[in-house]
**Q** 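Shown below is the structure under consideration.
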Amino acid sequence: MPFEADIHKAAARLRAGGVVAFPTETVYGLGADASNSEAVSRIFSIKGRPPDHPLIVHIGDARLMENWARDVPIIAHRLAESFWPGPLTMILSRGSAPLAVTGGQDSVGLRMPDHPVAMELLRQFGGGIAAPSANRFGRISPTRPEHVLDELGDTVDIILDGGGCRVGLESTIVSLVNNQPMLLRPGAISQSELEAIAGIHFSAHGSASGIRVSGGLESHYAPETRLSLCPAENIGLLISEQKPSRKIAVMHHTTLDDRCRETAAHVHPMPVTASAYGQALYATLRLLDQQDFDLIIVEQPPQDESWSAINDRLRKASHGSGD
Ligand code: TXA
Ligand code: MG
């Protein structure tokens with residue numbers, strides 16, 4: 001954990017228009033003063049992210065929602081009371097949030113992170129911090145400070161070290177704009193938990209909604225190595241179909257039969273619970289991506305709701321890999 005003095009320095013950098021990477025409970029964020037469009041534009045150039053992709057504004061107190069959004073519905077207050085601080089981002093009608101932050105859209109994403117370093121940074125800085133995940137555009141989100149360094153190097157002014165992220169997957173995103181509650185990105189807070197508190201149904205995000213979600217791009221969260229999702233019972237067959245010269249890694253969470261063990265170049269056991277699996281997923285993909293495998297086979301996780309964020313990210317990571 002960084003010392004108080006490091007957080008103090010980071011808050012001063014933010015005030016001076018700098019860019020600071022900081023830990024949250026989900027993934028590391030790349031932050032800038034949300035009210036300073038020039039500082040915000042540095043985030044886009046560091047990440048290589050197209051300027052029409054909106055950023056989340058992180059706030060330290062739910063009462064600050066009105067500073068960034070307008071016509072905040074009662075449901076937003078109810079969700080904030082139950083889930084903030086925590087891995088939930090709410091998309092609301094834009095108030096005074098600059099268009100540079102919202103990617104030109106008339107809506108703004110707000111989140112209060114559940115991490116002592118992020119919260120202390122927000123407290124000392126005093127304003128909203130616009131922050132996407134601290135990775136290059138389209139790549140795997142960082143869940144450790146070393147990942148941020150690998151991804152962005154010295155293009156970032158300061159990296160606050162908060163160790164590993166507890167959740168490991170990006171926040172759940174819901175839109176409450178236009179009275180059309182929508183789940184835009186699954187995360188650790190599930191749709192049924194949200195619906196139980198909000199008392200309404202969240203429809204799934206359809207491309208017809210006109211809402212841009214960069215995590216919604218099919219090729220997002222992708223390792224460079226080809227990745228295939230495969231049910232446990234078919235892994236042996238999939239390996240046998242590959243050329244013998246191909247180096248294959250297998251990520252599995254149940255028992256793998258001996259034939260797979262013998263034929264794969266590397267076998268990587270994953271945790272069996274959804275929360276531990278989610279926490280380990282990105283670090284594992286990053287690790288395997290750095291070794292020169294030709295293919296990563298991931299055992300298909302269960303389909304129940306607690307695994308929905310994991311299945312979403314794995315589906316996106318495997319997209320475009322040709323199978
Ligand atoms: O857990 C998280 O949400 C992390 C940590 C750092 O807070 N942040 C994160 O940011 O994942 P990013 O930019 O990598 O993903 C945020 C997603 C993007 O897909 C973006 O399109 C969507 O939120 N988003 C933000 N503002 C939006 C808006 N006004 N309308 C629709 N989508 C929005
Ligand atoms: Mg991201």
Side-chain angles (χ1 to χ4, degrees), residues 20-32 34 40 43-44 46-60 68-70 83-95 97-115 117-119 121-122 128-143 147-148 151-152 160 162 165-178 180 182-189 205 207 209-222 278 282 309 312-313 316-317:
V20 170
F22 63 98
T24 80
E25 80 281 30
T26 57
V27 300
Y28 275 72
L30 182 63
V40 167
I43 294 180
F44 287 90
I46 291 171
K47 269 187 74 97
R49 182 171 180 157
D52 62 349
H53 284 273
L55 307 180
I56 296 170
V57 178
H58 295 72
I59 53 179
W68 304 95
R70 65 171 199 277
F83 299 112
W84 280 1
L88 174 68
T89 296
M90 289 191 268
I91 310 296
L92 303 167
S93 299
R94 188 176 70 91
L99 288 167
V101 172
T102 69
Q105 304 192 70
D106 198 29
S107 59
V108 59
L110 298 177
R111 168 165 126 79
M112 185 170 154
D114 184 19
H115 194 289
V117 175
M119 285 300 277
L121 181 64
L122 282 161
I129 301 178
S133 50
N135 51 281
R136 283 177 299 120
F137 182 64
R139 315 258 29 126
I140 303 165
S141 294
T143 56
H147 301 165
V148 181
E151 285 275 331
L152 306 174
L160 287 174
C165 298
R166 174 172 59 80
V167 175
L169 298 172
E170 305 83 351
S171 59
T172 304
I173 304 182
V174 292
S175 171
L176 299 173
V177 173
N178 296 335
Q180 281 182 309
M182 245 183 300
L183 179 70
L184 301 184
R185 180 172 74 184
I189 295 173
H205 168 243
S207 47
S209 66
I211 293 181
R212 276 192 303 270
V213 208
S214 74
L217 293 177
E218 286 298 306
S219 65
H220 221 67
Y221 313 109
Y282 286 159
D312 172 73
R313 304 311 190 273
K316 285 169 181 154

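Atoms within each ligand, like the ligands themselves, are counted from 1 in listed order.
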**Q** Would a 4.5 Å heavy-atom cut-off, applied to side chains only, mark E170 and Y282 as touching?
**A** yes
**Q** Which of the numbered atoms in ligand 1 are under 4.0 angstrom from any heavy atom belonging to T26?
**A** 1 (O), 2 (C), 4 (C), 5 (C)
**Q** Aromatic contact between H53 and F44, with the criterion being ring centroids under 6.0 Å apart: yes or no?
**A** no
**Q** Ligand 1 versus I173, non-hydrogen atoms closer than 4.0 Å: side chain, backbone, both, neither?
**A** side chain
**Q** Are any of the side-chain heavy atoms of L152 and R136 separated by less than 4.5 Å?
**A** yes
**Q** Taking R166 for the side chain and T24 for the main chain, is one N or O donor matched with an acceptor at less than 3.5 Å?
**A** no
**Q** Side chain, backbone, both or neither: which part of R111 comes within less than 4.0 Å of ligand 1 when only heavy atoms are counted?
**A** side chain
**Q** I need the atoms of ligand 1 closer than 4.0 Å to a non-hydrogen atom of H58, numbered in the order shown.
**A** 5 (C), 6 (C), 7 (O)
**Q** Using a strict cut-off of 4.0 Å, indicate which atoms of ligand 1 neighbour a heavy atom of S107.
**A** 28 (C), 29 (N), 30 (N)
**Q** With heavy atoms of V108 as the reference, note each atom of ligand 1 found under 4.0 Å away.
**A** 29 (N)
**Q** Could you tell me if the side chain of I46 sits less than 4.5 Å from the side chain of I43, heavy atoms only?
**A** no
**Q** Is T102 touching ligand 1 with its side chain, its backbone, both, or neither, if touching means heavy atoms under 4.0 Å apart?
**A** neither
**Q** Is there a donor-acceptor contact under 3.5 Å from the side chain of R94 to the main chain of A69?
**A** no
**Q** Counting only heavy atoms, which portion of R185 has something under 4.0 Å from ligand 1: side chain, backbone, both, or neither?
**A** side chain
**Q** Does the K47 side chain pair with the main chain of S133, one donor and one acceptor, at a distance under 3.5 Å?
**A** yes
**Q** Below 3.5 angstrom, do we get any N/O pair linking S171 and ligand 1?
**A** yes
**Q** Using 2.8 Å as the threshold, say whether any N, O or S atom from S133 sits that close to the Mg ion (ligand 2).
**A** yes
**Q** Evaluate K47 for polar contact with ligand 1, using N/O atom pairs at a separation under 3.5 Å.
**A** no
**Q** Just which atoms of ligand 1 are under 4.0 Å from any heavy atom in P54?
**A** 20 (C), 21 (O), 24 (N), 25 (C), 26 (N), 27 (C), 28 (C), 32 (N), 33 (C)
**Q** Is there a side-chain contact between F22 and I129 (heavy atoms, below 4.5 Å)?
**A** yes
**Q** If you measure every N or O of S133 against every N or O of ligand 1, does any of those distances drop under 3.5 Å?
**A** yes
**Q** Measure from the side-chain N and O atoms of T172 to the backbone N and O of G187, and report whether any donor-acceptor pair falls under 3.5 Å.
**A** yes
**Q** Flag T24 as yes when one of its N or O atoms lies below 3.5 Å from any N or O atom of ligand 1, and as no otherwise.
**A** no
**Q** Answer whether the closest heavy-atom distance between the side chains of R139 and E151 falls below 4.5 Å.
**A** yes
**Q** For ligand 1, which part of R49 has a heavy atom less than 4.0 Å away: the side chain, the backbone, both, or neither?
**A** side chain
